[in-house]
Each structure stands twice: as structure tokens, then as C-alpha cells.
Amino acid sequence: MKYAISDAWVITKRQLLLLIRVPEVLIFSTIQPVMFVILFRYVFGGSITSGQPGGYVQFLMPGIFVQTVAFTLAGTASGVAEDMKKGLIDRYQSLPISRSVFVIGKTLGDSALNIVVLLVMGLAGFIVGWRPHSGFLKVMLAFVFLLAFGYALSWIGIFVGLTAKDARVVQNVGFLVTFPLTFLSNAFAPTTGMPKALQYFAEWNPVSTMVAACRQLFGLTNKFGVTAGTYPSTHPLIMSLVYMVLVMAVFVPLSVRSYANSAKK
Amino acid sequence: MKTVLAEHLVKTYRKGHVRALDDLSLDVEEGTVLSVLGPNGAGKTTVVRILATLLAPDSGSARVGGFDVIRHPDKVREIIGLSGQYAAVDETLNGWDNLVMFGRLYHLSKSAAVKRAEELLEQFSLAESARRPIKTYSGGMRRRLDLAASLIVQPKVLFLDEPTTGLDPRGRQEMWQVIEELVKGGVTLLLTTQYLEEADQLADDIVVIDHGKVIARGTSDALKKQVGGEQLEVIVEHHNVAATLEAVGRVSGAKPIFDEGLRKISAPVSTGARALIEVLRSLDADGIHPLDIALKRPSLDDVFMALTGHVAEDEALDDVSKKRGR
């Protein structure tokens, strides 16, 4: 037990080493969001009225940040599924280390990756004119919030990866889930333009509450686009926290148990 | 002392419909090599996974190095090394990274982990490719790295699950050399294989299993005696069949079997290469030039034929347990 922390750190470092050994990972985790930034900022942005001072880009970037973090879920899941397939999990389990070390190290490692990715995205946003004006502390708080969101999601990724059969399927399924979730939200356009039913879905969507929470922390006045007046749309910070706690409460025990049992099936 | 001792292991899959292990017992004397020989689906991987604490048996007990695998898995994990059928190394990292990482997980200090990694890379002829991504390694190199990873803390007991399956002959040869070195070093080894030749080469004792049961146990010589040694096979033109049958029968002392379709004449022989030369001489004297002549060592199929009266059946069972397990 006394080794648990240093063991988890070894696994975390493995994820960090990946950034150095396989720089493509960072490139591919940022290239897609960068493309979205260009697409929405310069192609669609002109036709979307966000009603934000400072223009659409102020509205857009929090959406991009949340989307970027959400998309790493599929990467976590397929990484774990790959480890399962390659027998790496068997090896970890035959080592004299505590069972939770692998999952904790893995999730922390993915958070470290998220830090780097968010840094790159923040820079990309700055280049295209994103200027938060709520002050340094609140901006940092927003990024901590984003990292916490990513951390909570990575537990879903671990669980999916451990229970799925095939890494490629995991990647596709992950995409099929995260893609609609990020687009049926307030991330890129105000929810007002949506049909009523979709509007409710979009406002309860955790992606929307996260985006709105970030917009609030970045000092935007119209944080949700225009709302249908639902509770999450008026209390995005609290709702985002509730969602994170819920996800962790469900998926931490599920993932740890599923990891411990993964060899026993 | 019995370093590995498994007694009456039972393991079922699919809610008891598939019996992977059916009252299986085996033991390995300290410092010796036991080979568990059997076809796919015989239960080889399941035995290894139970002994390596990855899997709990439905009933029965097992001790490794004196520790019960169910009650004291942590103690067992400290003294075993496990290398599976797949090279369980991180492909995104290089060889050096992998060994250092696993060294750290065995709680070596940073400098000790580095030192051990370098020793092992040297020992397994991987020093030159240490900094190359694993993706660029050959199958044999991956297996060697995987084996190296299971030797970081010099385990007392080593489990190798089909260490050469899928390797080309050269890779297999290299792997055998490495394993032989380890055995000289005094490790207690349990290895599973589908190849009689491999068991013959590496093991002191062989346990043949089928459908989760031990069907024979002994030294490879003893097993081979049961199987009936080598088989001489000659293929000739149609008009030479009669004369060849006569020559082979004379050397073998048994009535040769003639396969009409292949024009193949075969008979068991006990004198090995000498029998081959005698038959060749006799054929040559009659002016017969065989199209093909070979001395076949008994295969797993032959062993199974001799022991069970049926050929080794491939079953999907091991695949099921692997897919679930991995």
C-alpha cells in the first residue's frame, strides 16, 4: 500500500512519455479541434449571431474547449481496450502492485495530456481573437473546471475500455456518443434556434452546462445563447459539478471493480 | 520441494457449460522444467492464469513457492514472472522505457531499474534496439522483451504460456536458447506448448493435457516410447511401390502402411537416421530413386493418437478465455 502513490505516478509518467515518444498523439488530439476553430470562427461564425461583445469567437472557444476535453474520452477507452487486447493488463495484474494503481495512474495521465492539449487550444483561441476578460483567477478556474470534467469523463473511458471487446469499436462508439452530445448543445450555436424538445435536451446536456459554466467564468454575459429557462441553463456551474460528481460516483467504483475482475472472467 | 503444486483444479466457463479444467493436478519440483503439452482448448492458458493469480479456480487449490494463490496472491506475485502468448509490452514506448517502467512497478529505485533494464537488454540481445519503438521490433524481439520484463526481479518461478507460438523457426530457436540459459540459472519453469519438439527440447517432465485433464505424465523419452518413436516416410513412382514396400518393411520390421493417393509408404522405425540410410541403400541397389524420403518425429497429433485414440481437437475454448481475459 505504501507504494500505491509512486506506482500510480509510474503509470501516469507512462502516459506523459507517450507524448514524447509518439508526438503524433498530441498532434492528432489538437488538429481536429483546431480545424473546428477555423471552421466555426471563419466559415459558420459569420452567420451565427451570438450577441456577444467581442464577437462569436468569445462564444465559440469555451465550446471548443469542452468538446476537445470530451473527445479525449474515446482515446482513453480505446487505449485501455488496446492494453487489454495486448495482454498488458495481465502483466500489470501479475505485478505486486495494488489493483487501483493502474486505473488511477491512467486517469491522471490522461489529465496530464489534457493540460497540454488545452494549452495548445488556448493558444489557438488567442491567435484567432479569443480574449477572456474576467481576470486571471477566473480564467484559471475555468481551466481547472475543464480538467476536472475531463478527469470525470476519463473514468467513463476506463470503464468502456475495460468492458469492450475491440479497440476500434470503442473508438467508433466513443465518437458516436461524444459527437451528438457536443453538437446537440450550446457549444457552437445558441439553443434558441432548435426545436423545443431538442432545446430541453440541449440545456440539460452536461456539455452545455460545462460550456455555459466556462463562458460565465470567462466573463461572458449571455452564457447560454438564449435559454428555455431550464434549471441547468440558469445554474450551469452547480449543474456541471453535480454531473461530475454523479459520473465519478458511478464510474469510479465500476471501473475499479471491472479492472479487478477483468482477469477473472 | 514442490515449488508449484496444483491440486484438483476445476474451472468452468459459460456458467458451467464448458469445463476448462476438470480436476487437474500437477506439480513442479524446484529448479526443474515442466512442460504442459496440449492442443488449443486443452486448458493450458487457464492453468497458467490460475497459478499466476490472474484467475480464481472454481474449486481445488494451488500453491506457488509455498504460498496459496487464492489466499496470498500478493506473496505469489512477488516471486513469479509471467510471459503470455502475446507480447505484453507497451508498443507506444521503446524497449528501454518498458523495462524501466516495469522495474519501477517492481519497486526498484530509479537507478536500479535503469541498471536492471540495461542488463536485461544486453542479455536478450536487444541493447541495440533499446531506443527504437516496439512497433519496429520483429515477433521474436517482442517475445524476448516480454520475457525480459517478466525477469526484472529474478523470479523464483517463471510461467511461460506458449512462448514460441507464432514465431518463425529462427525466432523459435533464439527463444529456446534464451529459455535454456534461464533454466541453467536455476529458475523453476512451467511452460505450456503445442509442440512436442519444444517440450522435448526444454522440459525435464511433460504433462499432456486434453479437455482440462491430465492424460499422461512423464519424461519425453517415456512419452515417445508410448507414441512409438519416429516414422519413416518414402514417396516413390507407382511402378516402384512394391519393391519399396518390401525394403521399408525389412528395415522397420513392421508392416508398412501405403497411402495410395500420395504414393506414400510409411513405417515406424527405432534406429532413426540409420534406418533412413539402410532404406536408401536398399532402394539405390534396386535402382529406385525416391521422390521424397523423410524421417518424421512424432508430433503432438501422434502423441494424442497414441494416448487418446483421437487426434488433437482444436476447440474455441482457449480463445474464449483469452478474449474475455484480455
Side-chain angles (χ1 to χ4, degrees), chain A residues 1-26 75 78-99 101-102 105-106 109 113 161-167 258-265, chain B residues 11 13 45 48-57 73-94 96-98 100-107 109-110 113 131-135 142 146 149-150 152-153 155 159 161 320-326:
Chain A
M1 209 53 221
K2 64 177 171 172
Y3 289 113
I5 294 166
S6 64
D7 287 344
W9 174 235
V10 172
I11 308 275
T12 306
K13 268 204 302 199
R14 169 203 167 192
Q15 302 287 101
L16 291 179
L17 211 51
L18 188 75
L19 282 181
I20 302 163
R21 299 286 186 249
V22 195
E24 297 95 296
V25 171
L26 180 61
S78 66
V80 172
E82 197 69 22
D83 285 351
M84 286 280 284
K85 204 180 88 191
K86 293 272 160 61
L88 213 56
I89 304 257
D90 274 5
R91 158 135 294 147
Y92 286 122
Q93 297 209 336
S94 70
L95 294 174
I97 56 174
S98 150
R99 295 266 147 139
V101 159
F102 173 79
K106 185 92 187 163
L113 178 69
L162 283 171
T163 41
K165 300 256 181 291
D166 188 301
S258 155
Y259 175 77
N261 291 334
S262 63
K264 297 209 165 66
K265 279 177 227 164
Chain B
K11 178 73 192 177
Y13 290 113
T45 299
V48 169
R49 291 172 70 82
I50 288 174
L51 292 174
T53 77
L54 297 179
L55 195 65
D74 296 342
K75 297 273 187 228
V76 173
R77 283 180 206 136
E78 275 170 23
I79 56 163
I80 62 166
L82 167 68
S83 183
Q85 278 184 53
Y86 303 95
V89 287
D90 192 330
E91 300 208 3
T92 47
L93 305 177
N94 62 36
W96 193 88
D97 290 338
N98 263 288
V100 173
M101 175 177 81
F102 288 120
R104 297 289 283 156
L105 290 176
Y106 276 110
H107 307 134
S109 70
K110 174 91 192 175
R131 306 279 175 170
R132 262 169 42 198
I134 312 275
K135 274 178 221 151
R142 276 178 211 222
D146 184 54
S150 59
I152 286 169
V153 289
F159 297 108
D161 189 17
V320 172
S321 72
K322 262 165 226 155
K323 269 182 204 138
R324 293 220 181 136
R326 283 159 209 275

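Considering all non-hydrogen atoms of both residues, A:S94 and B:A52 come closest at CB-O, 4.5 Å. Residue B:L93 comes nearest to A:R21 through the heavy atom pair CD2-CG, 4.2 Å, listed as atom of the first residue, atom of the second, then distance. Here the closest heavy-atom approach between residue B:R77 and residue A:Q93 is recorded as NE-O, 3.0 Å. Nearest heavy atom pair, residue B:A88 against residue A:G87, reads CB-O, 3.2 Å.
Rounded to the nearest 0.5 angstrom, B:N98 CG and A:L17 CG are separated by 9.5 Å. Rounding to the nearest 0.5 Å places CZ of A:R14 at 5.5 Å from OG1 of B:T92. Here the straight-line distance linking atom CG of B:D74 with atom CD1 of A:I97 works out to 11.0 Å at 0.5 Å rounding.
The closest donor-acceptor contact from the side chain of A:R91 to the backbone of B:S83 lies at 3.5 Å or more, if one exists at all.
Under the 4.5 Å side-chain criterion, counting only non-hydrogen atoms from C-beta, A:L88 is not in contact with B:E91. A 4.5 Å side-chain heavy-atom check between B:L105 and A:I11 finds at least one atom pair inside the cut-off. Between B:M101 and A:V10 the shortest side-chain heavy-atom distance falls below 4.5 Å.
A:K13 NZ: more than 12 foreign heavy atoms inside a 6.0 Å radius.
Using bins of under 30°, 30° to 60° and over 60° for the plane-to-plane angle, the ring pair B:H107/A:Y3 lands in the parallel bin.
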